[in-house]
Amino acid sequence: MSDDFGFAPPPFKPDDALQRLKRELRELGLSEREGIFERRGLAIARVRVDGTQLDAALVRKPSRASPQWQPRQLGSSAAVRDFAAELKKALRDWGDRDE
């Protein structure tokens, strides 16, 4: 007998997830330019559809020089939520002192 009680999570739709994530990033005060989300001209995150998942990255620390990206693959709604939560925490931690 299975422990999932016959329920399966809804299929992951990367295009829909991308639109939701973009909306959430804009609500955090980031602006999008060519697939890269910025705050006050500093690259913070990037995200795009890559087949059946999202290809996302977060900078280690905001920098005017070339940013150091931390890439990750988001293949579920939970992974997208975790990425958004991590980004929100990073923005709070960086604050205005790093800009």
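Since the model is a prediction, treat every value here as computed from it, not as a measurement.
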Rounded distance [0.5 Å steps], [atom1] in [X] versus [atom2] in [Y]:
| X | Y | atom1 | atom2 | value |
| --- | --- | --- | --- | --- |
| K13 | S77 | NZ | OG | 10.0 Å |
| L21 | R81 | CG | CZ | 12.0 Å |
| I44 | L25 | CD1 | CG | 10.5 Å |
| S63 | Q68 | OG | CD | 8.0 Å |
| K22 | E32 | NZ | CD | 4.0 Å |

Before you tell me yes or no, could you show the steps for D55 and Q73 under side chain to side chain contact (heavy atoms under 4.5 Å, CB included), namely the whole-Å CA-CA distance, both residues' side-chain angles and the distance that decides it to 0.1 Å? CA-CA 5 Å; D55 181 24; Q73 300 294 314; 3.1 Å; yes
Verify the neighbour count for atom CZ of R60: are there more than 12 heavy atoms of other residues, nucleotides or ligands below 6.0 Å?
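Check passes, neighbour count above 12.
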Mind checking salt bridge (Lys or Arg N to Asp or Glu O under 4.0 Å) for K88 and listing every partner two or more places apart, or none if nothing turns up?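 Per chain and number, K88 pairs via salt bridge (Lys or Arg N to Asp or Glu O under 4.0 Å) with no residue.
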- Could you walk me through whether E24 and R20 pass the side chain to side chain contact (heavy atoms under 4.5 Å, CB included) check? CA-CA 6 Å; E24 189 165 347; R20 285 192 306 273; over 6 Å; no
Please evaluate residues Q53 and L74 with respect to the criterion side chain to side chain contact (heavy atoms under 4.5 Å, CB included), reporting the C-alpha separation (whole Å), side-chain torsions for both, the decisive distance (0.1 Å), and the verdict. CA-CA 6 Å; Q53 58 190 4; L74 310 177; 5.8 Å; no
What's the shortest heavy-atom distance between [X] and [Y], and which atoms?
| X | Y | result |
| --- | --- | --- |
| P14 | L54 | O-CD2, 3.5 Å |
| A43 | P67 | CB-CG, 4.2 Å |
| A57 | W69 | CB-CE3, 3.6 Å |

What I want to find out is whether R72 reaches E86 closely enough, with some N-O distance under 4.0 Å, to be called a salt bridge.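 Here R72 pairs with E86 in a salt bridge, since their nearest N and O are under 4.0 Å apart.
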| request: Salt-bridge test for K89 and D93: reply yes if a basic N is under 4.0 Å from a carboxylate O, no otherwise. | output: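 Counted as a salt bridge, because a side-chain N and a carboxylate O are separated by less than 4.0 Å.
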Go through the steps for L87 and F37 under the test side chain to side chain contact (heavy atoms under 4.5 Å, CB included), then give the verdict.
-> CA-CA 11 Å; L87 176 58; F37 288 86; over 6 Å; no
Would you check if R48 and L18 make a side-chain contact, meaning some heavy-atom pair closer than 4.5 Å?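 When only atoms from C-beta onward are counted, L18 and R48 do not touch, as no gap falls below 4.5 Å.
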Original post:
Under the criterion side-chain contact (heavy atoms from CB on, under 4.5 Å), which of E38, E34, R33 is the partner of I36?
Top reply: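 Exactly one option meets the side-chain contact (heavy atoms from CB on, under 4.5 Å) with I36, and it is E38.
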